[in-house]
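Here is the structure we will look at.
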Amino acid sequence: MKFRGKIVDVACLNHFTRVVTTISKLTKTCVLRLNPDNLFFVLSGKVANGGVSMWCELSQANFFDEYQMEGVSPENNEICLELAPENLSRALKTIQNAKSVKVKLTKKHCPCLTVCAELPTLSSISRVVTHDVPVDVIPKRLWHEFKEPSVPDYDVSIYLPPLKTIKNVVDRMKNLSNFLVIEANMNGEMNLKIETDLVSVTTYFKDLGNPPWGDGASQDGGPTQSRDPDSMAEARVDVRKLQQFLVGQQVNPSKSMCNIVHQSVLHLILLHEDVSLQYFIPAVA
């Protein structure tokens with residue numbers, strides 16, 4: 001197995017750093033999948049058992065000026081690595097003004113992602129900073145656990161208002177209850193609700209719009225049956241898990257949406273021109 005990539009463009013380096021930093025806010029460990037065209041950050045939590053899961057996809061051509069890799073075999077041309085994204089984030093944050101950054105898979109005291117940066121200098125002597133991020137190589141027999149999730153069969157899919165707006169609302173609601181209800185319909189309406197024995201608070205959003213894939217009742221990923229556009233579907237989630245997702249966002253998505261899956265899962269999707277992030281939060285009774 002071999003992997004080597006080089007980033008020269010500062011804007012690409014900063015964007016890649018923001019993506020990794022976002023991942024580091026969502027999970028302490030994750031899997032980095034590499035193939036010739038894409039990088040994937042994967043958290044394969046058991047949503048049915050109360051865990052969150054994540055799938056983040058990046059096109060390597062939009063970040064790396066040079067990108068070379070050889071997988072475990074020609075038939076299985078991929079590499080799967082487990083790492084702590086916080087370690088990679090810290091390494092990238094220290095080299096934001098680098099002239100170029102190389103990332104490669106190395107074998108030192110253990111397998112590592114080695115981040116090597118050439119820093120600007122006023123003299124003719126170059127300055128090079130190297131960070132070794134420890135990783136674990138995941139054997140091929142376990143790869144099936146880190147496949148791309150399919151769009152779940154949902155009740156309602158809706159575009160989200162600006163994430164900063166949602167964050168401000170959730171930050172206030174978390175002081176009132178540990179749980180928050182998100183409800184939405186196919187008429188572009190979404191509500192955030194807190195209900196306790198002492199207080200009931202609801203924030204209303206209108207005219208949000210619904211993604212095109214919600215227009216058919218028979219297509220994969222669409223509603224299993226025809227729904228009244230005004231009928232609300234809801235999911236009750238742990239407010240802290242939703243807040244964690246909102247606090248860490250640095251992707252600056254061009255589109256953001258969520259699917260409510262039969263009162264069991266809240267499926268959040270962030271889309272940027274070169275990044276796709278899916279996050280699954282289990283509902284609670």
Side-chain angles (χ1 to χ4, degrees), residues 1-7 12-13 15-47 51-92 101-107 110-115 131-152 245 248-251 253 267-281:
M1 295 186 299
K2 296 180 181 179
F3 166 67
R4 184 177 184 274
K6 183 177 181 180
I7 302 176
C12 291
L13 175 59
H15 189 24
F16 186 67
T17 302
R18 287 194 296 270
V19 173
V20 175
T21 300
T22 293
I23 302 301
S24 72
K25 301 295 184 181
L26 299 178
T27 178
K28 292 182 179 180
T29 61
C30 70
V31 170
L32 172 60
R33 278 184 55 188
L34 304 167
N35 69 24
D37 299 315
N38 298 294
L39 298 85
F40 308 93
F41 290 94
V42 186
L43 173 61
S44 184
K46 302 298 183 182
V47 176
V52 299
S53 64
M54 174 194 69
W55 176 271
C56 183
E57 178 176 345
L58 291 71
S59 172
Q60 62 88 1
N62 291 326
F63 293 90
F64 290 87
D65 296 272
E66 299 176 14
Y67 185 90
Q68 302 172 348
M69 68 149 294
E70 295 179 13
V72 296
S73 68
E75 298 79 20
N76 299 283
N77 194 18
E78 289 193 15
I79 300 172
C80 281
L81 308 170
E82 185 176 43
L83 76 162
E86 174 62 24
N87 293 337
L88 181 57
S89 174
R90 282 202 299 263
L92 293 170
V101 175
K102 297 177 182 178
V103 184
K104 58 184 178 180
L105 183 61
T106 59
K107 177 68 173 179
C110 67
C112 294
L113 270 182
T114 296
V115 180
H131 296 270
D132 292 321
V133 179
V135 299
D136 291 321
V137 178
I138 297 178
K140 181 180 176 300
R141 70 177 185 275
L142 300 179
W143 287 5
H144 68 278
E145 298 181 12
F146 310 105
K147 291 183 178 180
E148 180 178 4
S150 59
V151 176
F245 173 80
Q249 289 315 313
Q250 299 184 31
V251 176
H267 175 211
L268 300 165
I269 307 168
L270 306 183
L271 298 177
H272 190 276
E273 59 184 7
D274 47 23
V275 179
S276 170
L277 174 61
Q278 300 183 59
Y279 196 68
F280 299 81
I281 302 176

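- Applying the side chain to side chain contact (heavy atoms under 4.5 Å, CB included) rule to Asn87 yields the partners Ala84, Arg90, Val133; only residues at least two apart in sequence or on another chain are considered.
- Side-chain atoms of Glu82 do not come within 3.5 Å of backbone N or O of Val135 as any donor-acceptor pair.
- In this structure, Met1 and Val137 have side chains that are in contact, with non-hydrogen atoms separated by less than 4.5 Å.
- With contacts defined as side-chain heavy-atom distances shorter than 4.5 Å, the pair Pro253/Leu271 does not qualify.
- Residues Leu43 and Thr29 approach most closely at CD1-O, 3.9 Å, considering heavy atoms.
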| task | Carefully, step by step, assess Leu81 and Leu105 under the rule side chain to side chain contact (heavy atoms under 4.5 Å, CB included). | result | CA-CA 10 Å; Leu81 308 170; Leu105 183 61; 4.1 Å; yes

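- Nearest heavy-atom pair across Gly71 and Asn77 is N-OD1, 2.7 Å.
- Once rounded to the nearest 0.5 Å, the distance linking CZ of Phe63 with CG of Leu13 reads 10.5 Å.
- Here the CG-CD1 distance, from Leu34 to Ile79, works out to 5.5 Å after rounding to the nearest 0.5 Å.
- The side-chain heavy atoms of Val42 and Lys147, taken from C-beta on, include no pair separated by under 4.5 Å.
- The shortest side-chain heavy-atom distance between Leu58 and Asn38 does not fall under the 4.5 Å cut-off.
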| said: Assess the residue pair Val19 and His272 against the criterion (side chain to side chain contact (heavy atoms under 4.5 Å, CB included)); give the C-alpha distance rounded to whole Å, side-chain angles, the decisive distance to 0.1 Å, and a yes or no. | reply: CA-CA 11 Å; Val19 173; His272 190 276; over 6 Å; no

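- In this structure the side chain of Val115 reaches within 4.5 angstrom of the side chain of Leu88, judged on heavy atoms.
- Taken to the nearest 0.5 Å, the CD atom of Glu66 stands 7.5 Å off from the NZ atom of Lys102.
- A distance of 7.5 Å separates CG in Leu277 from OG1 in Thr22, rounded to the nearest 0.5 Å.
- With values rounded to the nearest 0.5 angstrom, Thr106 atom OG1 is found 14.0 Å from Lys2 atom NZ.
- At least one donor-acceptor pair closer than 3.5 Å links the side chain of Ser73 to the backbone N or O of Asn76.
- In this structure, Arg141 and His144 approach most closely via the heavy-atom pair O-ND1, 3.1 Å.
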| said: Apply side chain to side chain contact (heavy atoms under 4.5 Å, CB included) to residues Arg4 and Met69 and explain how you reach the verdict. | reply: CA-CA 6 Å; Arg4 184 177 184 274; Met69 68 149 294; over 6 Å; no

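- Val52 is not listed as a side-chain neighbour of Phe245, based on a closest heavy-atom distance of 4.5 Å or more.
- Checked against the 6.0 Å centroid threshold, Phe146 and Phe40 do not count as a close aromatic pair.
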| Which is it for Asp274 and Ser59 under the side chain to side chain donor-acceptor pair (under 3.5 Å) test, yes or no, and what are the steps along the way? | CA-CA 6 Å; Asp274 47 23; Ser59 172; over 6 Å; no

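- Comment: Lys28 does not engage Glu86 in a salt bridge, judged by the lack of any side-chain N to carboxylate O separation of less than 4.0 angstrom.
- Of all heavy-atom pairs spanning Trp143 and Ile138, the tightest one is NE1-O, 3.2 Å.
- Checking Ser53 against Ser44 by side-chain atom types alone, no donor-acceptor pair falls below 3.5 Å.
- The aromatic rings of Phe3 and Tyr67 sit perpendicular, their planes meeting at an angle over 60°, well past the 30° parallel limit.
- Between Ile23 and Cys30, the closest heavy-atom pair is CG2-SG, 4.0 Å.
- Contacts of Pro149 classified as side chain to side chain contact (heavy atoms under 4.5 Å, CB included), with partners at least two apart in sequence or in another chain: Trp55, Gln278, Phe280.
- Glu57 contributes atom CD, which lies 9.0 Å from atom CZ of Arg33 (distance to the nearest 0.5 angstrom).
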| task | Carefully, step by step, assess Leu270 and Tyr279 under the rule side chain to side chain contact (heavy atoms under 4.5 Å, CB included). | result | CA-CA 9 Å; Leu270 306 183; Tyr279 196 68; over 6 Å; no

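- Ser89 contributes no side-chain N or O that, together with a main-chain N or O of Pro85, makes up a donor-acceptor pair within less than 3.5 Å.
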